[in-house]
Amino acid sequence: MNTKFLTPNDIEEAAAILRRGGLLGIPTETVYGLGANGLDPEAVGRIFEAKGRPQDNPLILHVPGPDWLERCCRDIPESAYALARAFWPGPLTMILPRREIVPDVVTAGLDTVGMRCPDHPVTLAIIAAAGVPVAAPSGNRSGRPSPTCAAHMLEDMDGRIDAIVDGGPCGVGVESTIVDLTAPAPRLLRAGGLPLEALEQALGPVEVDKAITAPLGAGEQPKAPGMKYRHYAPKAPVTVVTGPGGRTAGYIRAHLGARTGVICFDEYAGWFDRCPVRSIGPAADPDEQARRVFDALRYFDGTDVTAIYAQCPGDGGLGLAVANRLKKAAGFHIVEV
Ligand code: AMP
Ligand code: MG
């Protein structure tokens with residue numbers, strides 16, 4: 001298959017690909033997604049094939065606004081509408097009870113479905129023109145870092161999908177925050193582009209799923225099936241170093257081998273001028289780190305490094321999501337200093 005590059009002017013052509021059951025790379029504010037008609041089980045099945053994604057890992061449905069919720073979900077709590085008013089379009093996915101119209105392949109057989117309204121004018125226009133909810137996971141091959149620009153998505157998907165719409169680099173850079181609204185208390189299933197603090201301001205206290213900050217024990221199942229898989233990992237093994245910036249940079253410098261790559265904050269880039277290094281933004285700016293973390297993880301696959309060390313932000317704001325992506329890339333191989 002020849003993968004076409006589309007521009008933001010090609011809304012009709014993009015929508016037609018979705019309507020006829022094809023696969024389309026779509027820009028969003030979080031990461032690029034791999035979209036298909038979310039009501040067409042065969043089209044959705046092709047997403048799993050193109051990504052090499054395990055069948056038990058459900059997809060999120062993307063819609064142009066809260067007025068599409070009723071079509072796909074039932075027993076929608078008032079809190080869902082309040083969150084949609086506060087944060088949609090935006091990097092928030094809500095887990096809600098699903099209706100029959102949503103195919104099993106989208107939800108991996110669960111009786112719930114993840115719903116999101118992405119904050120990207122091009123993709124909102126494409127979904128509205130297609131007239132169907134769009135099922136879309138991140139546009140990477142399964143296990144790889146998520147794509148935050150069209151070129152990264154093409155690296156993973158060239159020849160496997162019908163087209164990619166180039167909507168520019170992603171403004172947020174990490175995937176959506178996922179909150180489960182089907183339990184008695186709201187529960188954070190994935191830290192993402194909407195900070196936990198903002199969610200709690202709107203909802204009150206939110207329980208945090210253990211899978212976000214720690215590895216799962218044998219036999220433990222996360223509520224978001226995707227959280228159990230090795231993810232975001234470059235080819236070389238990653239070690240995450242947590243603690244104050246000066247200490248973590250010092251630890252990494254003391255452990256550099258002949259072919260070690262380093263992911264660090266801007267302030268420390270000069271400490272590592274003899275090895276492949278990717279800085280991800282100032283230590284105190286987790287929003288910028290979120291925009292750059294996947295690019296940094298991807299970068300090292302084009303080098304000959306055999307090990308990667310990463311400095312890690314604290315849990316405030318988007319730091320929780322950045323730290324989660326780094327720790328998952330490291331298979332939770334973490335050194336505290
Ligand atoms: P991706 O879009 O590739 O970032 O993956 C979507 C994430 O949403 C995965 O971690 C899924 O496990 C999670 N997810 C999707 N639908 C549900 C659901 N109904 N319940 C819990 N988690 C979900
Ligand atoms: Mg993904």
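Throughout, numbering of the chain's residues begins at 1 and tracks the sequence. Whatever order the structure lists ligands and atoms in, that order sets their numbers, starting from 1. Values below: all heavy atoms of this structure, side chains included; hydrogens, waters and symmetry mates excluded.
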Student: Have a look at ligand 1 and work out which part of Ile95, if any, has a heavy atom under 4.0 Å from it: side chain, backbone, both or neither.
Tutor: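 Near ligand 1, Ile95 shows its side chain, while the N, CA, C and O stay back.
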Student: Count the heavy atoms of every other residue, nucleotide or ligand shown that sit under 6.0 Å from CD of Glu78, and state whether that count exceeds 12.
Tutor: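 Enclosed: over 12 neighbouring heavy atoms sit under 6.0 Å from CD of Glu78.
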Student: Using a 4.0 Å cutoff against the non-hydrogen atoms of Ile178, which atoms of ligand 1 qualify?
Tutor: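 Within the 4.0 Å cut-off of Ile178, ligand 1 contributes 7 (C), 8 (O), 13 (C).
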Student: Give me the nearest non-hydrogen protein atom to atom 21 (C) of ligand 1 as residue plus atom name, then the distance to 0.1 Å.
Tutor: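 Protein heavy atom at minimum distance: Lys223 O, 3.4 Å.
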Student: Do any N/O atoms on Gly226 end up under 3.5 angstrom from N/O atoms on ligand 1?
Tutor: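 N/O-N/O distance under 3.5 Å: yes.
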Student: Geometry only, no angles: is Arg53 polar-contacting ligand 1 at N/O separations under 3.5 Å?
Tutor: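 Among all N and O atoms of Arg53, at least one is under 3.5 Å from an N or O of ligand 1.
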Student: Would you call Thr112 a ligand 1 contact, heavy-atom distance under 4.0 Å?
Tutor: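 So Thr112 counts as touching ligand 1.
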Student: Within ligand 1, which atoms have a heavy atom of Arg190 less than 4.0 Å away?
Tutor: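 Near Arg190, the atoms of ligand 1 are 1 (P), 4 (O), 5 (O), 6 (C), 7 (C).
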Student: May I ask you to test the Ile280-Glu288 pair for a side-chain heavy-atom distance under 4.5 Å?
Tutor: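 No. Closest side-chain heavy atoms not under 4.5 Å.
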Student: Check the pair Val106, Arg98 against side chain to side chain contact (heavy atoms under 4.5 Å, CB included), reporting the backbone distance first and the verdict last.
Tutor: CA-CA 11 Å; Val106 170; Arg98 72 147 157 161; over 6 Å; no
Student: Taking non-hydrogen atoms only, is Asn57 closer than 4.0 angstrom to ligand 1 via side chain, backbone, both or neither?
Tutor: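 Side chain only.
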Student: Please state whether the separation between the Mg ion (ligand 2) and some N/O/S atom of Ser138 is under 2.8 Å?
Tutor: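 Coordinating: yes.
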Student: Pair up each side-chain donor or acceptor in residues 7-16 with any protein partner under 3.5 Å, not counting sequence neighbours, and list the distances.
Tutor:
| from | atom 1 | to | atom 2 | distance (Å) |
| --- | --- | --- | --- | --- |
| Thr7 | OG1 | Asn9 | N | 3.1 |
| Thr7 | OG1 | Asp10 | OD2 | 3.4 |
| Asp10 | OD2 | Thr7 | N | 2.8 |
| Glu13 | OE2 | Lys4 | NZ | 2.5 |

Student: Any atoms of ligand 1 less than 4.0 Å from a non-hydrogen atom of Leu110? List them with their elements.
Tutor: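 Atoms satisfying the 4.0 Å criterion: 18 (C), 19 (N), 20 (N).
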Student: Around atom CG of Asp273, are there more than 12 heavy atoms of other residues, nucleotides or ligands at under 6.0 Å?
Tutor: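 Count over threshold, so yes.
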Student: Got the closest protein heavy atom to atom 22 (N) of ligand 1, with its distance?
Tutor: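 Checked against all protein heavy atoms, atom 22 (N) of ligand 1 sits closest to Ala224 CA, 3.4 Å.
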Student: For residues His333 and Thr239, is any side-chain donor paired with an opposing acceptor at under 3.5 Å?
Tutor: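 Yes, Thr239 and His333 have a side-chain donor paired with an acceptor closer than 3.5 Å.
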Student: Which atoms of ligand 1 are found less than 4.0 Å from any heavy atom of Ser138?
Tutor: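 Listed by number with element, the hits are 1 (P), 2 (O), 3 (O).
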Student: Could you find the nearest protein heavy atom to atom 14 (N) of ligand 1 and give me its residue, atom name and distance?
Tutor: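 The closest one turns out to be Pro58 CG, 3.8 Å.
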Student: Closest non-hydrogen protein atom to atom 2 (O) of ligand 1, residue and atom name please, with distance?
Tutor: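 Answer for atom 2 (O) of ligand 1: Pro137 CA, 3.1 Å.
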Student: Can Asp285 and Arg291 be counted as an ion pair, charged N to O under 4.0 angstrom?
Tutor: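 Salt bridge: no.
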Student: Without swapping roles, check the side chain of Glu200 against the backbone of Val206 for a donor-acceptor pair under 3.5 Å.
Tutor: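 Side chain of Glu200 to backbone of Val206, a donor-acceptor pair under 3.5 Å: yes, one is there.
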Student: Just by distance, with hydrogens left out, do Arg190 and Ser176 show a side-chain donor and acceptor under 3.5 Å apart?
Tutor: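 Yes.
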